[in-house]
> 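Pasting a structure here, questions to come.
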Amino acid sequence: MPLRFFNTYSRQIENFEPRDATGRKVDIYTCGPTVYSRAHIGNFRAYVFEDLLQRHLELRGYKVHRVMNITDVDDKTIRSARESGIPLTESTAQFKEAFFEDIETLRIKPADEFPAATNQRYIDKMIEMIAILISRGLAYQAEDKSVYFRINKFPGYGKLAHFDLTQLQSTGRVKHDEYDKEHIGDFALWKAWDEEDGDVGWESPWGRGRPGWHIECSAMATALLGDEIDIHCGGVDNIFPHHEAEIAQTEGVTGKKFVRFWLHCAHLLVDGQKMSKSLGNFYTLPNLLEKGYTGREIRYALMRVHYRAPLNFTWDGMNEARESLGRIDDWLVRLRETADEEKKLVGTAQRATPTSEFEEALDDDLNISAALGFLFESIRETNRAIDRNELDAAAANAWLEWWQRANSVLTIEEEAGPPPPEVAELAEARTQARLAKDFPKSDELRDKLNALGWEARDTKDGQKITRRAGA
RNA sequence: GGCGGGGUAGCCAAGUGGUAAGGUCGCGGUCUGCAAAACCGCUAUUCGCGGGUUCGAUUCCCGCCCCCGCCUCCA
């Protein structure tokens, strides 16, 4: 079965084929963070989705080249720096650093490139593109000195969002200093400098100013990936105006179809409402880490619901993620033990060898729920086989190899380390107490281990200790 | 008002024109000194509501209701 993705542009699931004739190279552009404050986990839902996409393409043998931009100049970054009383570059640097910390915590594969909007190379590219748009009548400089895109001159404008331009309705969020535009929908390509910008600004043929938000992405995407790209991702809130504007600007300059596949992920909700900075209902990664949740637990919680369905963030959901991961951890331990043992089997497991259901589910527009369903079914069946002494070392190894492939996409395996000395000592003392049948002492030691975040289990092969998830 | 996404068990969630995967929680059992883990069993006559098509619809069609988002800051 070919890979299939839901393309926002056509509103249909389409078979995925990259432009590359050999079918192996895939270019992806993903809208990255605006570094004006720490990103919240709603932002990271999008980045986790993009990570899942990239990793699955790679599992399927594609060579992915991914670019994620960093927006380090706009109204919010400038305001944030002003409020902190520090230069813009210093302000954005700290949030960039936090962002890279956070994606590492979530095990998100870094993009191949993280271009920043303020890089002179891209500023030059933006200016070049704006000049072309003006020369073609697609843009104009207004009375306020800013340059705007003339949406009425671009026939396809509105096609991605399926908006009828005459129906555009102001939500009252329009900045009132933009009254010089010809059409309410015209958007800024170049924002003329004003006092609030302080020393932030670049010289241009239209005077000192700074780039509009949308043109950044057009410039960086075409500079690094060319005029046409395979996949462009973001959150659904980017469809309009951001991605609509990107199409208009880019195609207005190149005359080529900018993006083949537009993929957008739904929002993370809190109490049924979109998680956002403005509503104040957000959590950052450090907020959750402080509560004892680990990066992989958060990753799992953000990933386990299909990317196009809204996902409600709850503590129940976090705990479910923790428990589910614990189940996987314990299963892997059992598989490894089985792989190391020579056993006399009493039968043959029904599911002695893995199938390709997992990756085929992901082929189908990243159907993560079906993929995880197969994983957990497999866990139950192989556990049952081990219980019944029906799974041999070869079968266990086959499942471990299968897991490696699955985990190359999921990236949720626990990073197990040896227990610290005090834990090892308590465990040894407990083993001795049990040999002496001193159960009150044994139970006391078990409680102590629990308090340290370790769990003692008595099996027929003696005591086993495992780290309790999240502790 | 326009355009999207969603509505399946306590919670999360997959899915198909033929009578509902999986996770989590809860209950009972096997195992255990007791636990834990694992396994076994139980937990939706039912898929937002009302019509229609069909031998048969959760799945297709029509109408409606509810939730969320976008409509120029937003992942």
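Here the structure is a predicted model, which is why all the values come from computation and not from measurement. By convention in this document, chain letters (A, B, ...) are assigned in the order of the sequence lines, proteins followed by strands, and residues within each chain are numbered from 1.
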> Of the candidate nucleotides B/rG33, B/rA75, B/rA21, which contains the atom at the shortest distance from the side chain of A/D237?
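Nearest nucleotide to the side chain: B/rA75.
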> Which one is paired to B/rG63, where only Watson-Crick or G-U wobble pairs with both distances under 3.5 angstrom count?
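Paired with B/rC49.
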> Which label fits A/Y157 and A/F187: parallel for a plane angle under 30°, tilted from 30 to 60°, or perpendicular past 60°?
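A/Y157 and A/F187: parallel rings.
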> Only one of A/D144, A/D75, A/D197 clears salt bridge (charged side-chain N to carboxylate O under 4.0 Å, His left out) with A/K191; which?
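It is A/D75; the other options fail the test.
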> Give the nucleotide from the list B/rA75, B/rG33, B/rC68 with an atom nearest to the side chain of A/S442.
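Comparing B/rA75, B/rG33, B/rC68 against the side chain of A/S442, the answer is B/rG33.
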> Separation of A/Q463 atom CD from B/rA37 atom P, in whole Å?
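The distance from CD of A/Q463 to P of B/rA37 comes to 16 Å, rounded to the nearest Å.
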> Expressed as a whole number of Å, how far does the P atom of B/rC3 sit from that of B/rC11?
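My reading of the P atoms in B/rC3 and B/rC11 gives 32 Å.
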> Does any N or O in the side chain of A/H267 come within less than 3.5 Å of the main-chain N or O of A/L269, such that one atom is a donor and the other an acceptor?
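It does not hold such a pair.
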> Distance check, P atoms only: B/rC40 and B/rC47, in whole angstrom units.
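Roughly 29 Å separates the two P atoms.
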> Rounded to whole angstrom, note down the C1' distance from B/rG5 over to B/rA9.
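Their C1' atoms lie roughly 23 Å apart.
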> Does a nitrogen or oxygen in the side chain of A/N367 sit under 4.0 Å from OP1 or OP2 of B/rG15?
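Affirmative; the distance criterion is met.
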> So does A/E97 have more than 12 non-hydrogen atoms from other groups sitting under 6.0 Å from CD?
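For A/E97, atom CD is not crowded (no more than 12 foreign heavy atoms under 6.0 Å).
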> Which nucleotide sits closest to the side chain of A/E455: B/rA36, B/rA75, B/rC73?
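Nucleotide nearest to A/E455's side chain: B/rA36.
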> Measure the spacing between CD of A/E251 and CD of A/Q249 and express it to the nearest 0.5 Å.
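Rounded to the nearest 0.5 Å, the CD-CD separation comes to 11.0 Å.
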> State whether the side chain of A/R446 and the backbone N or O of A/A456 hold a donor-acceptor pair below 3.5 Å, judged by distance alone.
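No; judged by distance alone, with no hydrogens or angles, the pair does not exist.
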> Please tell me if A/K274 has a side-chain N or O lying less than 4.0 Å from either OP1 or OP2 of B/rC70.
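Indeed, a polar side-chain atom of A/K274 lies that close.
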> Looking at B/rA36, does its base get a donor-acceptor pair with the side chain of A/R446 below 3.5 Å?
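Result: no qualifying N/O pair found.
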> Quickly work out the A/L311 CG to B/rG5 C1' distance and round it to whole Å.
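For the pair A/L311 CG and B/rG5 C1', the rounded distance is 14 Å.
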> In the strands shown, is B/rC3 matched to any nucleotide by a Watson-Crick or G-U wobble pair with both distances under 3.5 Å, and which?
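For B/rC3, the partner nucleotide comes out as B/rG69, under the 3.5 Å rule.
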> Take atom P in B/rC70 and the same atom in B/rA14, then report the distance between them in whole Å.
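My reading of the P atoms in B/rC70 and B/rA14 gives 22 Å.
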> Using a cut-off of 4.0 Å on non-hydrogen atoms, how would the nucleic acid contact of A/H162 be classed: base, sugar-phosphate, or nothing?
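Since only primed, P, OP1 and OP2 atoms lie under 4.0 Å of A/H162, the category is sugar-phosphate.
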> Going 5' to 3' through nucleotides 23-29 of chain B, assign each nucleotide B (protein heavy atom under 4.0 Å from a base atom), S (under 4.0 Å only from sugar-phosphate atoms) or - (no protein heavy atom that close).
BSS----
> Nearest-Å distance, CZ (A/R457) to C1' (B/rG33)?
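So the CZ-C1' distance, A/R457 to B/rG33, works out to 19 Å.
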> So, does A/D330 use its side chain to make a donor-acceptor pair with the main chain of A/R327 at under 3.5 Å?
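Such a contact is absent between A/D330 side chain and A/R327 backbone.
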> Measuring only the P atom in each nucleotide, how far is B/rC49 from B/rG7? A whole number of Å is fine.
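That atom pair is separated by 13 Å.
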> Report the nucleotide, chosen from B/rA14, B/rG4, B/rA37, that has the shortest atom-to-atom distance to any side-chain atom of A/S369.
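So the side chain of A/S369 is nearest to B/rA14.
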> Taking CE from A/M303 and P from B/rG22, how many angstroms apart are they, rounded to a whole number?
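Interatomic distance, CE of A/M303 to P of B/rG22: 20 Å.
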> So which nucleotide from B/rA36, B/rA35, B/rC68 ends up closest to the side chain of A/L269?
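The answer is B/rC68, which lies nearest to the side chain.
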> Using whole Å, report how far NZ of A/K464 lies from P of B/rA35.
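Distance, rounded to whole Å: 20 Å.
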> Suppose you measure atom C1' in B/rU16 against the same atom in B/rA57; what distance do you get, rounded to whole Å?
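Pairwise C1' distance, B/rU16 against B/rA57, rounds to 10 Å.
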> Can you label the angle between the A/H264 ring and the A/H243 ring as parallel, tilted or perpendicular, going by 30° and 60°?
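The rings of A/H264 and A/H243 sit tilted, inter-plane angle from 30° to 60°.
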> Counting only non-hydrogen atoms, which of residues 381-391 of chain A are less than 4.0 Å from RNA chain B?
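Result for residues 381-391 of chain A: A/N383, A/R384, A/D387, sorted by number.
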> Taking atom types as modelled and ignoring hydrogens, do the side chains of A/S369 and A/N367 form a donor-acceptor contact shorter than 3.5 angstrom?
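Judged by distance alone, the side chains do not pair up.
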> Using the P atom in both, what is the distance from B/rA13 to B/rC27, to the nearest Å?
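That atom pair is separated by 24 Å.
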> Write out all pairs satisfying salt bridge (charged side-chain N to carboxylate O under 4.0 Å, His left out) with one or both partners inside residues 274-287 of chain A, taking only residues at least two apart or from two chains.
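For residues 274-287 of chain A, and leaving out neighbouring residues, the salt bridge (charged side-chain N to carboxylate O under 4.0 Å, His left out) pairs sorted by first residue read A/D237-A/K274.
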> Please state how far atom CG in A/N7 lies from atom P in B/rG5, giving the value in whole angstrom units.
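Interatomic distance, CG of A/N7 to P of B/rG5: 13 Å.
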> Enter the distance from A/L57:CG to A/I28:CD1 here, rounded to the nearest 0.5 Å.
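Reported value, rounded in 0.5 Å steps: 5.5 Å.
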